[in-house]
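Below: the structure, in structure tokens.
Here is the naming used below: chain letters follow the sequence lines, and residue numbers restart at 1 for every chain.
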Amino acid sequence: MNKDQVADILTEIGVLLELKGENPFKTRAYQNGARALEGLSEPLEKVVSEERLDTIPGLGAALQQKITELVTTGRLLYYEELKASLPAGLLTLLEIPGLGPKKAKVLYEKLGISDLVLLKAACESGSVAELAGFGKKTQDNILKGMEFREKYASRHQLHHALAVAEPLLQALRDHPDVSRCSTAGSLRRSKEVIGDIDFVVSSKNPNSVIAYFVQQPTVLNILAQGDTKASVIVSGGIQADLRVVSDSEFPFALAYFTGSKEHNIVMRQRAIARGLRLNEYGLFRSSEETRDPNLLENCQTEDDIYQKLGLTYVPPELREDHGEFAAAEKGDLPRLIEWTELKGSLHNHSTWSDGRQSLEEIVESMNELGMSYWAVTDHSKASFQAHGLTSERVREQIIAIREINLKLQSEGIDFQLLTGSEVDILGEGRLDFDDDLLAELEVVVASIHSGFTASESEMTRRIIAAVENPFVHMLGHMTGRLLLEREPYKVDQHAVIDACAATGTWIELNASPFRFDMDWRLWQYAKSKGVKCVINCDAHRVEHAGFLRLGAGIARKGWLSKQDVINTLPLHELRRELGKKRGQEI
DNA sequence: GCCGTTTTCGGCCCGACTGTTTTCAGTCG
């Protein structure tokens, strides 16, 4: 059992204990333990076998024992007994907005409600409204929440959230009573999937801003509207929260609502350790509860807050309690990549396979966007469903691309297509094209598109065999995941990263918002091994060039700098790097 | 259940909004 699976079980134990009415600090201890495991940078199995769990903060004797039992036996008696003591459907009640563990416990104990079907029936019969602490309003809200849940998922892909958030942000900026405003939350941190959209605004007239916000045309439903905040549902079923503060409070509110929650907890603890108190209104020179402006540390920006707490500024993408505090204390945070530093994408498709635009249309669009190069890596023949190319068609495409490039050069246009292939990794790590053909291509991406159900060890062997091929420049989408749609296939990513390090193979950060694969949590490890990243659009339409910006956001979450990312290089330097693994000197 | 250079016991991040209550519990972020 790996660290993510163990962390999931610890989190679930925390929730189950809440439903049982356990001490809230005990339930939090399980959640803290889960988080500690998620942040682990080495295989959990190794830590367990070397008996080093006690070196991880947040894991005491009880959790160490439970984690060891899970890792060594794949089971945990305590968890199984706890789970068996409550009906399985009870957990799903917590997915309804407004229903937490306390209310769920009452519903179960008083009405025997143990799943959503029973809950719906009880609401419709009116028996929920008669419970102490409940009422007609609560009952209606539960029904509404269930209806909503059936209609929409509660998590959203980043590009969907951005599509709604950016016009709303612009609208807020345009309002005359708004001084400063920003998105916050997971959107500002550039998480791969978004729960809801957060806005923070400073204004002398909060009510007018809030009234204006809830009347925006994309707002479908108002969940809450007060003097300082509002919550609405916007197009696409995404919840958007607005918080309005005074201008002097703005940096604190922005930091607070940007999170992450884990990052904020450490920030507060740092404040306490300095005899200060941090919340969304300020950094106060008092440990007492107060909002006395005379006790306020003067901070105009988030940067000032970090400085007061002995840290250099931490960019929002790094605020995950993933090592940023240790680095910011020493002033060692990397200068993160900017998406404008990207010069092209090395994994893209055209009408030759399953892309929407022809080579000519791609050239026109990418040149217009100011790209320097664009690799055409259509699918190989095994990807029949994606109209994969035969070796003959690949050779025809090479000729077509060379002709286009010559024409571009003769016209003095500073843009080139690169020939290439996204070659399928077949069983046992064989590639779909032979080495002779791969050697003729400038860019070779190797990806898995079949046999997703193979075991972890088999998949790992397959991928490692592929990256050991000297003609493969980079590994495409490491896990094949489709965010919110398809689980990743099982693969030992650390072992693959090690193999890439040993062979000089690059790893793709697939910038499609459906993938964002390899996951940002692994890039620090890859970087430590000297493995380079390639931020690729995997474009199937020319509009997908916009994914570069999203991909750069994810790369920033992975602590990557310009020099860690191959496609920040100008064309002549890129060509030199492409030749290296093949032993060519250019 | 975890943690500790004033503590091995007594803390654990904290404020806004809602709905149900007459002063607050639950939920959420």
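A side-chain donor from one of A:Gln300 and A:Asn298 sits under 3.5 Å from a side-chain acceptor of the other. For the residue pair A:His263/A:Glu320, the side-chain donor-acceptor check at 3.5 Å is not satisfied. Judged by distance alone, the side chains of A:Arg188 and A:Thr258 do bring a donor and an acceptor atom under 3.5 Å apart. For the residue pair A:Asp241 / A:Gln239, a side-chain donor-acceptor distance below 3.5 Å is found, with atom types taken as modelled.
Nearest-nucleotide assignment on DNA chain B puts the 5′-proximal partner with A:Tyr30, out of A:Gly226 and A:Tyr30. Positionally, the nearest nucleotide of DNA chain B for A:Ala61 lies more toward the 5' end than for the other of A:Ala61 and A:Asn141.
Applying the 6.0 Å contact sphere to CZ of A:Arg75 captures no more than 12 heavy atoms from other residues, nucleotides or ligands.
Remark: B:dC28 base-pairs with B:dG15. Criterion, Watson-Crick or G-U wobble with two distances under 3.5 Å.
Straight-line distance from the NZ atom of A:Lys26 to the P atom of B:dC9: 19 Å, rounded to whole Å. A:Lys144 places its NZ atom 14 Å from the C1' atom of B:dG19, with the value rounded to the nearest Å. If you measure from atom CD of A:Gln269 to atom P of B:dG11, you get 17 Å, rounded to the nearest angstrom. Rounded to a whole Å, the CZ atom of A:Phe25 is 10 Å from the C1' atom of B:dC13. A:Leu82 places its CG atom 11 Å from the P atom of B:dG1, with the value rounded to the nearest Å. The CD1 atom of A:Ile56 sits 18 Å away from the P atom of B:dG1 (whole-angstrom rounding). As rounded to whole Å, 8 Å separates atom P of B:dG15 from atom OH of A:Tyr281. To the nearest angstrom, C1' of B:dG1 lies 9 Å from CG of A:Asn32.
A:Tyr79 does not carry A:Lys66 over the face of its six-membered ring by the limits of under 6.0 Å from the centre and within 45° of the normal.
Regarding contacts with the backbone of B:dC17, every side-chain N or O of A:Ser231 stays at 4.0 angstrom or more from both OP1 and OP2. In this structure, A:Thr138 does not reach the B:dT18 phosphate: none of its side-chain N or O atoms is under 4.0 Å from OP1 or OP2. Remark: A:Asn264 is not in phosphate contact with B:dC13, judged by side-chain N or O atoms under 4.0 Å from OP1 or OP2.
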**OP:** Please report the C-alpha distance between A:Lys20 and A:Glu22 in whole Å, then the side-chain angles of each, then the deciding distance to 0.1 Å, and finally whether the salt bridge (Lys or Arg N to Asp or Glu O under 4.0 Å) criterion is met.
**Re:** CA-CA 6 Å; A:Lys20 288 234 153 193; A:Glu22 258 288 1; over 6 Å; no
**OP:** Quick one: do A:Glu69 and A:Gln65 satisfy side chain to side chain donor-acceptor pair (under 3.5 Å)? Show the steps, please.
**Re:** CA-CA 6 Å; A:Glu69 187 176 333; A:Gln65 184 276 321; 3.0 Å; yes
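B:dT8 and B:dG4: their C1' atoms are spaced 8 Å apart (whole Å). Of the C1' atoms belonging to B:dT6 and B:dG1, the separation is 24 Å, rounded to the nearest Å. B:dC2 and B:dT7 are spaced 14 Å apart, taking the C1' atom of each and rounding to whole Å. Straight-line distance between the C1' atoms of B:dT23 and B:dT18: roughly 15 Å, to the nearest whole Å. Remark: the separation of the C1' atoms in B:dC28 and B:dC13 is 14 Å, to the nearest Å. Taking atom C1' on both nucleotides, B:dG26 is separated from B:dT21 by 12 Å, rounded to a whole Å. The same atom, C1', is picked in B:dA25 and in B:dT20; the two are 9 Å apart, to the nearest Å.
Looking at A:Glu324, its side chain does come within 3.5 Å of a backbone N or O of A:His322 through a donor-acceptor pair.
Across all strands shown, A:Asp227 has heavy atoms under 4.0 Å from sugar-phosphate atoms exclusively, and none from any base. Nucleic acid contact class of A:Leu278 (heavy atoms, under 4.0 Å, all strands): none. Within the 4.0 angstrom heavy-atom criterion, no nucleotide atom of any strand lies near A:Lys105.
Minimum atom distance to the side chain of A:Lys137 is reached by B:dG19, of the listed B:dG19, B:dC17, B:dG15. Nearest to the side chain of A:Arg28, among B:dC3, B:dG19, B:dC13, sits B:dC13. Closest contact between the side chain of A:Ala29 and the listed nucleotides B:dC17, B:dC2, B:dG15 involves B:dC2.
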Could you write out each protein N or O paired with an N or O of nucleotides 25-29 of chain B at a distance under 3.5 Å?
| unit_1 | atom_1 | unit_2 | atom_2 | d |
| --- | --- | --- | --- | --- |
| B:dT27 | OP1 | A:Gly100 | N | 2.8 |
| B:dT27 | OP1 | A:Gly100 | O | 3.0 |
| B:dT27 | OP1 | A:Lys103 | N | 2.7 |
| B:dT27 | OP2 | A:Lys102 | N | 3.1 |
| B:dT27 | O5' | A:Gly100 | N | 3.4 |
| B:dC28 | OP1 | A:Gly98 | N | 2.6 |
| B:dG29 | N2 | A:Tyr256 | OH | 3.0 |

